[in-house]
Amino acid sequence: MKQHDLHIYNSLTKTKEKFTPIHEGAVGMYVCGPTVYSNVHLGNCRTFLSFDLVFRYLKHLGYKVRYVRNITDAGHLENDGESGEDPILRKARIEQLEPMEVVQRYTVDFHTTMAKFNAHPPSIEPTATGHIIEQIQIVEKIIEEGFAYETNGSVYFDVLKFNKTYEYGKLSGRNLEDMIANTRELSAQTDKKNPQDFALWKKAEPQHIMRWPSPWSDGFPGWHLECTAMSTKYLGDNFDIHGGGMDLKFPHHECEIAQAEACNHISPVNYWMHANMLTLNGKKMSKSTGNFILPDDMFTGENDILSKPFSPTVTKFFMYQAHYRSILDFSSEALEASEKGFNRLMDAYRMLDNTETSEKTSLDITSWRKSCYDAMNDDFNSPILIAHLFEAVKFINALKEGKETISTEDLKLLKQTMHDFLFDVLGLQNVAGENSQDGEKLTGAVELLIELRNQARANKDFATSDKIRDQLAEKGIQLKDGKEGTTFQLFNNV
RNA sequence: GGCAUCGUGGCCGAGUGGCUAGGCUCAGCUCUGCAAAAGCUGCUACAGCGGUUCGAGUCCGCUCGAUGCCUCCA
């Protein structure tokens, strides 16, 4: 375990708190995963990448982390009342597929996309449909405790009754009286005692395909239940971290707290973390409004929003240049700025391999390294971390020009630290790809052309030399003349 | 309407009451056959109004504006 002083902003208390896990050296973390009825869009990805950073950093600090992220494969209704359609069923109807075919298709898409972003898979990835029994047991327990009631084969959570003993609304800062006063009801609620009550179990209509037997009816679980069932099953009644998108804070996470407290009489989560939204045109990315971009469309450049394609690692770097609790707006200009910075950062890192060393070091590497940790320890402040990494870039470039010096030992520490943060913590990828066989062949061919060009330049045959340079550029290969010869770089995705 | 968050230089985006965040753009310079690339230097902002304070982007109040949630949503 590395020594650290990690502080996490807790949404429940609205303050940064020192992180102390329940079991020393181990962390239990649950994150709400996607509902797999369509391709994950970039906004969904941001949340999962925010928690990938958390996962990676906790592991980097030496914790044994059990990271549970669910797959919601039983769709919930569009509203909690009597009407509305399950989005998975709707998709299955439209595309004439079995619901589980829909689920399978988009689960695979989700995994493929996260792999492109170089996100670590969670330790356990449970599905809602795989935990129906556990969910039914929780409903039974809540009924037993007196906080739920059955009406016409459906079971609802009695929020008003719960609120007499516990506190409903403490996470999202709402109080029940206000909510009741401001209820806007469009259609009559026949089954619920109160509009604030939420479904634990819903009786299925005859046409509803996804259904399971239960003590109350053939039906399906309410949409807040799966997370309570799976988080407590794999992490215990009380665990360290629960994360999710800001838009899940209410009602989803509020209801999770209520369910868990009704069952176990203990607040389930010590640190609630909420990742903020990715916006497009100033508005939240959202499947239902069509205001979103798909990851693959941005990797290929086939979209109307961006001027060019961007790689997964650049996209991730762009996201990490903003703090996870801030809204981030997505635009072509902002992506381009990040891409240039990213390339500069990677160039500097590569340069460390052929850096000359001296007796002394003109920069305090140890204290620089500490400032990197300080940034991450302050509620995973990746933008500050990246600012520090750019300070190192400046130093590395100065080394090259002989304006600064570094000892062999410090060079090793600098390189190790850069490596740790760039690749282990941020999970970035060096896009060079020199290792493949094709890459070697390409390198050989381009180096030959570079040699021919330099001969032409020596002979002042600039017509030939410029032809080589310009035509390679047209093919997406950029020559870069430096003091120590010419190198080349492939334009991304051309 | 209710709850919450936010408004930072040309753009993006950090900021624990007092000291230059950082990236990109732009300008100048170095390098170069020319260019590109690369490097260096420069560009001091905090929505408005009032208050607390020796001192506020940072705390308090009001005004204006934006966003999220209150229906499925990361």
Side-chain angles (χ1 to χ4, degrees), chain A residues 11 14 16 31-35 37-38 40-51 72 75-81 83-87 90 169 172-175 178-179 181-184 186 196 223 243-252 254 274-279 282-289 317-318 321-323 325-331 333-345 347 351 375 378 381-391 393-394 397-398 400-401 403 457 460 462 465-466 469-470 473 478-483 486-489:
Chain A
S11 302
K14 298 190 205 303
K16 283 181 193 169
V31 171
C32 291
T35 305
Y37 67 94
S38 63
V40 284
H41 62 65
L42 215 56
N44 303 127
C45 293
R46 184 187 182 201
T47 294
F48 301 127
L49 291 173
S50 293
F51 288 105
T72 299
H76 5 272
L77 303 183
E78 277 194 343
N79 65 53
D80 212 22
S83 61
E85 194 177 7
D86 170 340
R90 185 199 298 125
S172 55
R174 285 156 217 251
N175 73 67
D178 287 352
M179 289 172 63
N182 291 298
T183 301
R184 47 164 213 205
L186 300 174
Q196 282 69 34
W223 72 285
M246 199 77 105
D247 50 354
L248 295 183
K249 201 174 190 178
F250 187 89
H252 185 59
E254 202 71 74
H274 287 96
N276 218 323
M277 300 291 102
L278 183 66
T279 61
K283 294 275 199 297
K284 173 189 168 186
M285 281 200 196
S286 160
K287 288 172 193 168
S288 52
T289 60
F317 182 70
F318 159 75
Q321 278 190 297
H323 189 258
R325 281 192 287 115
S326 297
I327 292 170
L328 175 62
D329 192 57
F330 185 85
S331 71
E333 292 73 21
L335 258 297
E336 281 171 48
S338 285
E339 183 173 57
K340 285 181 185 172
F342 174 81
N343 288 334
R344 207 160 73 84
L345 188 55
D347 284 347
M351 222 181 281
D378 184 12
N381 200 323
S382 53
I384 296 285
L385 168 66
I386 289 169
H388 289 311
L389 295 178
F390 274 109
E391 280 168 26
V393 168
K394 206 167 186 175
N397 288 328
K400 186 181 153 200
E401 306 213 338
K403 289 177 182 167
R457 290 171 76 199
K460 301 212 184 290
F462 296 123
S465 68
D466 288 355
R469 178 225 288 162
D470 297 341
Q478 181 187 42
L479 298 187
K480 306 205 282 194
D481 296 329
K483 270 184 185 160
T486 305
T487 57
F488 73 97
Q489 185 177 26

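Remember, predicted model here, so these are calculated numbers, not experimental data. Proteins get letters first, then strands, A, B, ... in listed order; numbering begins at 1 in each.
- The residue from A:K249, A:H252, A:E254 that alone fulfils the side chain to side chain donor-acceptor pair (under 3.5 Å) condition with A:S172 is A:E254.
- The CG-P distance, from A:D329 to B:C6, rounds to 17 Å in whole Å.
- For the OP1/OP2 pair of B:A74 and a distance below 4.0 Å, the side-chain nitrogens and oxygens of A:T35 include at least one atom meeting the criterion.
- If you check every strand for non-hydrogen atoms under 4.0 Å, A:H252 touches nothing.
- Checking B:A47 for Watson-Crick or G-U wobble geometry (two distances, each under 3.5 Å) identifies B:U63 as its partner.
- Look at CZ on A:F250: it is 13 Å from P on B:C69, rounded to the nearest Å.
- Between A:N44 and A:P34, every side-chain heavy-atom pair lies at or beyond the 4.5 Å cut-off.
- Atom CG in A:L385 sits about 15 Å away from atom C1' in B:G13, given to the nearest Å.
- Using atom C1' as the reference point in both B:U58 and B:U53, the two lie 13 Å apart (nearest Å).
- A:G169 comes within 4.0 angstrom of nothing in the nucleic acid, heavy atoms only.
- Closest approach of A:A375 to A:I384, counting heavy atoms only: CB-CG2, 3.5 Å.
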Point to revise | Nucleic acid footprint by protein, nucleotides 27-41 of chain B - heavy-atom cut-off 4.0 Å, B for base, S for sugar-phosphate alone | key: ------BBBBBSSSS

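- Listed nucleotides B:C69, B:A14, B:G2 differ in distance to A:S326; the shortest reach to its side chain belongs to B:A14.
- With hydrogens and angles left out, the side chain of A:R174 and the base of B:C69 share a donor-acceptor pair within 3.5 Å.
- Here B:G68 presents its C1' atom at 15 Å from CG of A:L328, a figure rounded to the nearest Å.
- Residue contacts for A:G282: at a heavy-atom cut-off of 4.0 Å it reaches the sugar-phosphate backbone alone, with no base atom in range.
- Nucleotides of RNA chain B nearest to A:K16 and A:G43 differ in position, and the one nearer the 5' end is that of A:K16.
- Between A:N381 and B:G15 there is a side-chain N or O to OP1 or OP2 distance below 4.0 Å.
- Put simply, A:K283 has a side-chain N or O that comes within less than 4.0 Å of OP1 or OP2 on B:U67.
- Separating the C1' atom of B:G51 from that of B:C11 is a span of 34 Å, rounded to the nearest Å.
- For the pair A:R325 CZ and B:U5 P, the computed distance is 11 Å after rounding to whole Å.
- Rounded to whole Å, atom C1' of B:C72 lies 12 Å from atom CD of A:E85.
- Shown here for A:L248 and A:C32, the closest heavy-atom pair between the two residues is CD1-CB, 3.5 Å.
- Residue contacts shown for A:M246 are absent, as no nucleic acid heavy atom lies under 4.0 Å away.
- Nucleotide B:C24 forms a Watson-Crick or G-U wobble pair with B:G10, both donor-acceptor distances falling under 3.5 Å.
- Closest to the side chain of A:I384, out of B:A74, B:G13, B:A21, is B:A21.
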**Study point:** Evaluation steps, side chain to side chain contact (heavy atoms under 4.5 Å, CB included), between A:W223 and A:T72
**Key:** CA-CA 9 Å; A:W223 72 285; A:T72 299; over 6 Å; no

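- Nucleic acid contact for A:E333: none, since no nucleic acid atom lies under 4.0 Å from a heavy atom of the residue.
- A distance of about 11 Å separates the P atoms of B:U5 and B:C60, rounded to the whole Å.
- Here B:C3 sits opposite B:G68 as a Watson-Crick or G-U wobble pair (both hydrogen-bonding atom distances under 3.5 Å).
- Of the possible polar contacts, one joining the A:R46 side chain to the A:N276 backbone as a donor-acceptor pair under 3.5 Å is found.
- Residue A:K284 places at least one side-chain N or O under 4.0 Å from the OP1 or OP2 atom of B:C69.
- Comparing the P positions of B:G55 and B:G65 gives an interatomic distance of 32 Å, to the nearest angstrom.
- Distance from the side chain of A:A337 is smallest to B:C24 among B:G13, B:C24, B:G2.
- Distance check on atom P: B:U25 versus B:U41 gives 16 Å, rounded to whole Å.
- Here the side chain of A:P383 is nearest to one of B:G23, B:G13, B:A74, namely B:G13.
- In this structure, B:U30 and B:A38 make a Watson-Crick or G-U wobble pair, each of the two defining distances being under 3.5 angstrom.
- With hydrogens and angles ignored, the 3.5 Å screen pairs a side-chain donor or acceptor of A:T279 with a backbone N or O of A:L328.
- Between B:G9 and B:U20, the distance separating the two C1' atoms is 13 Å to the nearest Å.
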Check your understanding: Given A:D481 and A:R469, is the side chain to side chain contact (heavy atoms under 4.5 Å, CB included) satisfied, shown in steps?
Key -> CA-CA 11 Å; A:D481 296 329; A:R469 178 225 288 162; 5.7 Å; no

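- A:A322 comes within 4.0 angstrom of sugar-phosphate atoms only, judged by non-hydrogen atoms across all strands, and of no base.
- Separating the CG atom of A:L248 from the P atom of B:C3 is a distance of 22 Å, rounded to the nearest angstrom.
- Judged by Watson-Crick or G-U wobble contacts below 3.5 Å, the nucleotide B:C19 has no partner.
- Ranking B:C69, B:A74, B:A14 by closeness to the A:N44 side chain, first place goes to B:A74.
- In this structure, A:D86 and A:Y37 have side chains that are not in contact, with every pair of non-hydrogen atoms separated by 4.5 Å or more.
- B:G10 sits 31 Å from B:C62 when the C1' atoms are compared, rounded to a whole Å.
- The two residues A:N381 and A:H323 make their nearest non-hydrogen contact at CA-CD2, 3.7 Å.
- A:E336 has its CD atom 12 Å from the C1' atom of B:C12, to the nearest Å.
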